[in-house]
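The structure displayed is predicted, hence computed values, not measured ones.
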Amino acid sequence: MASPAPLVAPQPGLAAALRKLLGKDLLVHDFVVGEDSIDVDRDAVAGVMIALRDNLDYQQLMEIAGVDYPDRAERFEVVYHLLSVTKNHRLRVRVSTDEATPVPTIVPVWPNAGWLEREVFDMYGVLFAGNTDLRRILTDYGFQGHPQRKDFPLTGYIELRYSEEDKRVVYEPVKLAQDFRNFDFMSPWEGADYVLPGDEKAGGTGEGPGKGAPSPMTAQQVKVADDKAEKKAPPPTPKTTEKPSQTGAGAKANVKAAKTSRDVASAKVATKTAKTPATTKAAKAPAKPRAPRKPKTGGDA
């Protein structure tokens with residue numbers, strides 16, 4: 001299966017090089033979807049990082065992430081993402097720990113690890129031994145708990161915020177209100193059992209208040225009505241006009257139409273199109289071909 005991530009140059013001899021370089025500190029080496037991941041001993045992570053940087057040319061630390069597996073004895077994984085600029089290759093390094101056991105810091109190897117370790121500590125509560133500035137970096141001052149733990153409760157903690165009314169910082173319990181907690185799976189077209197906003201205005205239209213979205217018929221009633229409509233007799237045959245007498249035309253109608261009207265005007269049937277002197281002259285004149293148009297000279301033509 002191909003990885004959707006950008007292509008990375010493969011390293012065929014990386015597995016052997018890792019075993020030779022790390023020895024017993026290397027626990028597991030995985031190669032999945034074109035990516036290399038290794039599990040190393042927690043206490044040796046700082047030395048492993050120095051060896052990977054100096055011997056295998058992984059010059060940059062791109063990210064440190066935390067993962068929580070509550071069912072494991074060592075529930076947390078600290079994942080380091082390394083990049084080799086010269087080899088165009090990435091390596092994922094993982095160590096395991098629990099809530100009380102610290103992980104050695106790698107700030108002396110890569111100084112940017114200081115901020116990244118603070119983020120993992122803030123979100124998961126993982127301790128890093130040797131980090132001299134292990135403070136929270138994303139949550140509020142005095143925040144209790146670690147939000148990314150899978151057992152973190154949603155309510156019950158104290159949050160800090162600035163009150164515009166009191167013009168000061170206040171502490172108060174966290175309350176996460178969730179709207180629409182009670183879901184009703186009844187069809188709203190058949191009417192709900194609870195009162196909806198606006199139902200009190202339905203008194204003047206004949207619907208009983210308090211029945212949700214009013215509907216004159218239920219789904220079963222509609223089905224019964226459709227069945228009855230199908231059983232009715234077909235509609236009568238439409239009227240046709242097969243004879244002139246059915247349309248009012250014929251010899252009698254023509255005689256009546258030829259009679260002189262009250263304003264002494266008689267109806268005449270035009271057999272030929274009337275011609276004027278202009279149309280007669282145009283009909284006798286032979287057709288002449290039109291001369292081609294001469295192009296204009298000068299200007300922008």
Side-chain angles (χ1 to χ4, degrees), residues 5 14-15 17-33 35-84 89-154 156-158 174:
L14 181 61
L18 289 172
R19 287 193 300 267
K20 180 180 179 180
L21 178 65
L22 304 181
K24 62 179 182 181
D25 294 334
L26 176 63
L27 305 179
V28 178
H29 175 217
D30 297 325
F31 182 76
V32 182
V33 293
E35 298 180 357
D36 289 279
S37 302
I38 60 174
D39 291 10
V40 301
D41 183 54
R42 177 180 60 248
D43 297 331
V45 63
V48 168
M49 294 300 178
I50 295 175
L52 294 175
R53 183 193 63 183
D54 297 342
N55 297 280
L56 294 183
D57 298 331
Y58 287 96
Q59 299 96 347
Q60 296 185 4
L61 171 66
M62 306 303 298
E63 180 62 280
I64 301 179
V67 188
D68 185 11
Y69 299 95
D71 298 333
R72 296 183 183 179
E74 293 185 341
R75 59 181 294 183
F76 299 116
E77 272 191 0
V78 181
V79 186
Y80 305 85
H81 297 266
L82 307 183
L83 171 64
S84 174
H89 189 261
R90 296 177 184 269
L91 179 66
R92 184 183 299 110
V93 182
R94 300 176 298 210
V95 298
S96 300
T97 187
D98 54 21
E99 302 175 13
T101 306
V103 177
T105 184
I106 61 170
V107 172
V109 186
W110 286 291
N112 67 317
W115 286 65
L116 301 176
E117 290 176 355
R118 287 177 59 183
E119 182 179 353
V120 176
F121 163 73
D122 194 0
M123 295 291 103
Y124 294 92
V126 177
L127 302 175
F128 291 90
N131 190 319
T132 59
D133 191 18
L134 196 62
R135 298 174 295 158
R136 292 184 180 271
I137 194 172
L138 297 176
T139 55
D140 296 331
Y141 304 103
F143 185 86
Q144 299 179 13
H146 303 280
Q148 292 296 330
R149 288 189 180 184
K150 294 181 179 178
D151 56 358
F152 177 76
L154 296 180
Y157 285 97
I158 303 298
V174 177

- Item | Separation of Phe121 CZ from Leu138 CG (nearest 0.5 Å) | 12.0 Å
- Message: Applying side-chain contact (heavy atoms from CB on, under 4.5 Å) to Trp110 and Leu82, what does each step give before you reach the verdict?
- Response: CA-CA 11 Å; Trp110 286 291; Leu82 307 183; 3.8 Å; yes
- How far does CE of Met62 sit from CG of Leu116, to the nearest 0.5 angstrom? 10.0 Å
- Message: Quick check for you: to the nearest 0.5 Å, what is the distance between His29 atom NE2 and Asp36 atom CG?
- Response: 4.0 Å
- Query: Any Lys/Arg nitrogen of Asp98 or Arg75 sitting under 4.0 Å from an Asp/Glu carboxylate oxygen of the other?
  - Reply: no
- Message: Tell me if a side-chain donor or acceptor on Arg94 pairs with a main-chain N or O of Val79 at a distance below 3.5 Å.
- Response: no
- Query: Which pair of non-hydrogen atoms, one from Asp68 and one from Arg149, has the smallest distance, and what is that distance?
  - Reply: OD2-CA, 3.5 Å
- Would you please name every residue forming a ring-ring contact (aromatic ring centres under 6.0 Å, His included) with His81, sequence neighbours left out? none
- Query: So how far is it from Leu21 CG to Leu56 CG, rounded to the nearest 0.5 Å?
  - Reply: 5.0 Å
- Message: Evaluate Phe128 against Val78 for side-chain contact (heavy atoms from CB on, under 4.5 Å), listing each step before the verdict.
- Response: CA-CA 10 Å; Phe128 291 90; Val78 181; 4.2 Å; yes
- Ser37 side chain to Asp30 backbone, donor-acceptor under 3.5 Å: no
- Message: Just to verify, which of Val93, Val28, Leu18 counts as forming a side chain to side chain contact (heavy atoms under 4.5 Å, CB included) with Val40?
- Response: Val93
- Between Leu61 and Ala113 the two heavy atoms that sit nearest each other are CD2-CB, 3.7 Å
- Task: Heavy atoms only: give me the nearest Ser96-Arg42 pair and the separation to one decimal.
- Result: O-NH1, 2.8 Å
- What pair of heavy atoms forms the shortest contact from Ala51 to Leu22, and how long is it? CB-CD2, 4.4 Å
- Message: Please evaluate residues Arg90 and Ser84 with respect to the criterion side-chain contact (heavy atoms from CB on, under 4.5 Å), reporting the C-alpha separation (whole Å), side-chain torsions for both, the decisive distance (0.1 Å), and the verdict.
- Response: CA-CA 6 Å; Arg90 296 177 184 269; Ser84 174; over 6 Å; no
- Query: Does Glu117 reach the side chain of Val126, with side-chain heavy atoms less than 4.5 Å apart?
  - Reply: no
- Query: So which heavy atom on Arg136 is nearest to which on Gly145, and how close?
  - Reply: NH2-O, 2.8 Å
- Message: Rounded at 0.5 Å granularity, tell me how far CG in Leu52 sits from CD in Gln59.
- Response: 11.5 Å
- Item | Residue pair Met49 / Tyr58, side-chain heavy-atom distance below 4.5 Å | no
- Are the side chain of Asn131 and the backbone of Arg118 linked by a donor-acceptor contact shorter than 3.5 Å? no
- Item | Expected output: side-chain Asp25 to main-chain Ala44 donor-acceptor under 3.5 Å | no
- Does Tyr124 reach the main-chain N or O of Gly66 with its side chain, forming a donor-acceptor pair under 3.5 Å? yes
- Keeping the roles fixed (side chain from Asp39, backbone from Leu27), state whether a donor-acceptor pair exists under 3.5 Å. no
- Message: The test is side-chain contact (heavy atoms from CB on, under 4.5 Å); show your working for Tyr80 and Val45 and say whether it passes.
- Response: CA-CA 10 Å; Tyr80 305 85; Val45 63; 3.9 Å; yes
- Rounded distance [0.5 Å steps], OG1 in Thr139 versus NE2 in His146: 8.5 Å
